[in-house]
Amino acid sequence: QVQLVESGGGLVQAGGSLRLSCAASGRTFSPYAMGWFRQAPGKGREFVAHITWTSGATYYSNSVKGRFTISRDNAKNTVDLQMNSLKPEDTAVYYCAAGPRIGASPGFWDYWGQGTQVTVSS
């Protein structure tokens, strides 16, 4: 079984930065990719970014491209999300995901963390 644990959320002013981290554990952890999603109150879970585990290829949603950077550390089984130039509309619970395929739909992903709150004040 794979377990994902997020950290690094918090409250930040608009224009500020936060770095989220996701630590993965599991006896046979070897996903094809890891990703980040977010869910604002009253809205569905939205794709943010993903990275393939072997090649490190990345992909971002248009809403965060140029502001967020996803990275991974294969040795530590971690994936980070550096978020710069944060906007109030980035406020959401951010979830880490892992799985054997990539896609913008949450249904493509097999494993999920518990989420970490990010709040951006104006």
Side-chain angles (χ1 to χ4, degrees):
Q1 186 70 10
V2 173
Q3 294 180 329
L4 304 177
V5 178
E6 302 97 335
S7 61
L11 173 64
V12 65
Q13 288 188 333
S17 299
L18 278 176
R19 188 176 184 91
L20 306 182
S21 186
C22 174
S25 62
R27 191 169 58 182
T28 58
F29 183 73
S30 181
Y32 176 72
M34 294 188 71
W36 288 94
F37 285 72
R38 65 187 182 186
Q39 189 164 13
K43 295 188 177 181
R45 197 162 292 192
E46 175 193 20
F47 168 77
V48 174
H50 67 62
I51 185 167
T52 56
W53 201 241
T54 300
S55 69
T58 59
Y59 186 76
Y60 299 90
S61 70
N62 287 335
S63 61
V64 307
K65 194 177 299 181
R67 299 188 298 122
F68 291 11
T69 302
I70 189 171
S71 60
R72 93 271 190 241
D73 186 327
N74 298 54
K76 296 181 179 179
N77 281 353
T78 58
V79 61
D80 290 352
L81 186 69
Q82 177 65 42
M83 305 184 296
N84 299 329
S85 302
L86 283 161
K87 305 174 182 179
E89 52 263 45
D90 293 319
T91 295
V93 177
Y94 282 71
Y95 295 91
C96 176
R101 64 191 72 84
I102 56 175
S105 171
F108 282 100
W109 301 81
D110 289 355
Y111 303 103
W112 294 89
Q114 81 289 349
T116 185
Q117 177 70 47
V118 171
T119 302
V120 184
S121 63
S122 57

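Shown here for A14 and S122, the closest heavy-atom pair between the two residues is CB-CA, 4.3 Å.
The environment of Y60 atom OH is dense: over 12 non-hydrogen atoms of other residues, nucleotides or ligands sit within 6.0 angstrom. For Q3, the CD atom sits in a loose shell: 12 or fewer heavy atoms of surrounding residues, nucleotides or ligands are nearer than 6.0 Å. Residue K43 qualifies as open at atom NZ: its count of foreign heavy atoms under 6.0 Å is 12 or below.
The side-chain heavy atoms of T116 and L20, taken from C-beta on, include a pair separated by under 4.5 Å. With contacts defined as side-chain heavy-atom distances shorter than 4.5 Å, the pair L11/Q117 does not qualify. With a 4.5 Å cut-off on side-chain heavy atoms, M34 and C22 count as touching. You'll find the side chain of R38 reaches within 4.5 Å of the side chain of S63, heavy atoms only. No side-chain heavy atom of S71 sits less than 4.5 Å from a side-chain heavy atom of Q82. Put simply, the side chain of L18 reaches to within 4.5 Å of the side chain of V118, judged on heavy atoms. In this structure the side chain of H50 never reaches within 4.5 angstrom of the side chain of F108, judged on heavy atoms. Side chains of W109 and I102 form a contact here, defined as non-hydrogen atoms less than 4.5 Å apart.
Aromatic ring pairs are classed by plane angle as parallel below 30°, tilted from 30° to 60° and perpendicular above 60°; the pair F68 and Y94 is tilted.
Here D80 pairs with R19 in a salt bridge; the nearest charged N to carboxylate O distance falls below 4.0 Å.
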- [ ] Let me see the working for D73 and T78 under side chain to side chain donor-acceptor pair (under 3.5 Å), right down to the final yes or no.
- [x] CA-CA 5 Å; D73 186 327; T78 58; 4.8 Å; no
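Outside the 6.0 Å centre-distance limit, the rings of F37 and Y95 are not counted as a close aromatic pair.
Using a 4.5 Å cut-off between side-chain heavy atoms of Ile, Leu, Val, Met, Phe, Trp and Tyr, with links allowed through other members, L81 and F47 fall into different hydrophobic clusters.
Formation of a donor-acceptor pair under 3.5 Å by the S105 side chain with backbone atoms of G107 is found in this model.
A side chain to side chain contact (heavy atoms under 4.5 Å, CB included) with V79 is found for exactly one of I70, L4, N74, namely I70.
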